[in-house]
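A, B, ... follow the sequence lines: proteins, then strands. Residue 1 opens every chain.
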Number of protein chains: 2
Amino acid sequence: MALRPVTRRSVSDQVFDQLLDDVVDGELAAGEPLPSERRLAEVLGISRPAVREALQRIAQTGLVEVRHGGATLVRDFRRAAGLDLLPRLLVRGGALDTAIGRSVIEARAEVGPGIAALAAERGGPALAAGLDAVTDAMTTTTDATAWQVLALDYWDLLVDGADSMVFRLMYNSLRSAYEPALPALATLLADEVGQVEPYRLLTAAIRAGDGPTARAAAARVLTPTADTLLGAFAAMEADR
Amino acid sequence: MALRPVTRRSVSDQVFDQLLDDVVDGELAAGEPLPSERRLAEVLGISRPAVREALQRIAQTGLVEVRHGGATLVRDFRRAAGLDLLPRLLVRGGALDTAIGRSVIEARAEVGPGIAALAAERGGPALAAGLDAVTDAMTTTTDATAWQVLALDYWDLLVDGADSMVFRLMYNSLRSAYEPALPALATLLADEVGQVEPYRLLTAAIRAGDGPTARAAAARVLTPTADTLLGAFAAMEADR
DNA sequence: CAGCACGACTGGTATGACCACTTGACCAGT
DNA sequence: ACTGGTCAAGTGGTCATACCAGTCGTGCTG
């Protein structure tokens, strides 16, 4: 008997999710006014403070604009939302949006090498030592999910080494989009397990402080994963 | 007579800002528990719902973790926050954080050319026509701020052409960090006004669907601004 | 000493009242 | 015809209070 943990989400959480989905799905079109807080509370059968908490959080993500005295308006999230919305877009209704997934892979391929280059210029041998520890752990790993976790740890160190707040925050956003899907992706990427060599080469370039080489090495680390996932996305679309 | 719009910020807004600043400044250290909602309300002299709204928004940005029945814990924002936090980090206490600013410039230099390359492969002549309209407007502009706005419009179209949700959201986050400082930056970048040629070359590469050339052209568009701003940041640090 | 029960916290929700603001309609002046 | 004032209705913003629902430490109990 596999009991799964009961999820007791708060009312305002549920309202938040519902509103967010409605906006993203276009069910609430941009420019359209939302029902008043009192009306929402009545329709949903909850209290106004609960509605307000959800609404404030929605506004925080830029999906909606509340105006004191006036109506609350839906905004075009493609224009107004920031990268923090990504996790909500990537997996919606339990399914993975392949178009969004594709753009994640593309962004990773674009940004990753840049981070590696910066890390090479700024991280030095201390960073390389930390990376070695991770790759050592990789060699003794056979589990696909554990491998992916280590890969994330590796990049985590790299991002630290790049010493850039923007890349750090970008990485956090991408990671929190990536992480929920990790177990599912890990099985797709099972063939990668054990391929430590590309990481070793990247670490070597970092240790040498060689930015351009690190950039190229990072691309080589990322390419196989990107190809596999893009292929999987294409297959998923064909199925549909 | 320069009338400035009256700013009447809501109580929960002010609490939100205050808590956010305290977390970012490290005044509230990571791992530390926050005072209870009742206590905060009492100390701040406001109602508990107001405190809660602020707290929920703080939690939404990942700076804090609220647990039903337990204390609300401060998290390490460098680890937990997403790119949406950037605007709050870039300008704090009315002043611009040069370290953050530097990393914005770096990220722009890294991501911009990638966007241009994608746009070249996917945008086609229709995109190029839109870009032409913007560069035409640039030729008739002498005001530094107006020029910067047009430059943003140009990139906005480019991002649309890249047809990537991740880059779109990244751009939105970076733009909302950049925009508040735009008037101040515009004066620094006054020399750029009228330099339409780099943009024209980039548009040509887009029209031709030539990704690599677009990438290089985008780098040429971005480099002068980057150099100017990095120089200005260095000067600001020297002053300090 | 292990285990449990309980009490004193914490956050979550509900209610109803009132304040502050926007909107639109209407009405008076010019 | 236009400006400005007034007003009522509806909206979001805030408050006070009570109670529900979890967590956590303490001290009792076996």
*asked:* Between A/Arg88 and A/Asp17, does the salt bridge (Lys or Arg N to Asp or Glu O under 4.0 Å) criterion hold? Intermediate values first, please.
replied: CA-CA 9 Å; A/Arg88 300 279 182 166; A/Asp17 283 357; 2.7 Å; yes
Rounded to whole angstroms, how far apart are [atom1] on [X] and [atom2] on [N]?
{"X": "A/Phe16", "N": "C/dT13", "atom1": "CZ", "atom2": "P", "result": "14 Å"}
{"X": "B/Leu55", "N": "C/dG12", "atom1": "CG", "atom2": "C1'", "result": "12 Å"}
{"X": "B/Glu42", "N": "C/dT10", "atom1": "CD", "atom2": "P", "result": "11 Å"}
{"X": "A/Arg52", "N": "C/dA14", "atom1": "CZ", "atom2": "P", "result": "15 Å"}
{"X": "A/Glu53", "N": "C/dA14", "atom1": "CD", "atom2": "P", "result": "10 Å"}

*Look at all strands and tell whether A/Glu65 reaches a base, only sugar-phosphate, or nothing, counting heavy atoms closer than 4.0 Å.*
nothing
Atom pairs under 3.5 Å, N or O on each side, protein against nucleotides 15-20 of chain C: can you list them with distances?
residue	atom	partner	partner atom	Å
C/dA20	N3	A/His68	NE2	2.9

*salt bridge (charged side-chain N to carboxylate O under 4.0 Å, His left out) pairs, two or more places apart, involving residues 134-144 of chain B*: B/Asp136-B/Arg200
Lys/Arg N to Asp/Glu carboxylate O, [X] vs [Y], below 4.0 Å:
{"X": "A/Glu106", "Y": "B/Arg122", "answer": "yes"}
{"X": "B/Asp163", "Y": "B/Arg168", "answer": "no"}
{"X": "A/Asp13", "Y": "A/Arg57", "answer": "yes"}

*Establish, for the pair B/Arg102 and B/Phe233, whether the NZ or CZ atom is under 6.0 angstrom from the six-membered ring centre and no further than 45 degrees off its axis.*
no
*Mind running side-chain contact (heavy atoms from CB on, under 4.5 Å) on B/Leu83 and A/Ser173 for me, showing each step along the way?*
CA-CA 6 Å; B/Leu83 195 59; A/Ser173 289; 4.1 Å; yes
*asked:* Are there over 12 heavy-atom neighbours, none belonging to A/Arg79, within less than 6.0 Å of that residue's CZ?
replied: yes
*asked:* Students should find this one: the first and last nucleotides of DNA chain D, 5' to 3', lying under 4.0 Å from a heavy atom of chain B. What are they?
replied: D/dG13 to D/dC24
*For A/Arg39 and B/Val11, take the nucleotide of DNA chain D holding the closest heavy atom to each; which residue's nucleotide lies nearer the 5' end?*
A/Arg39
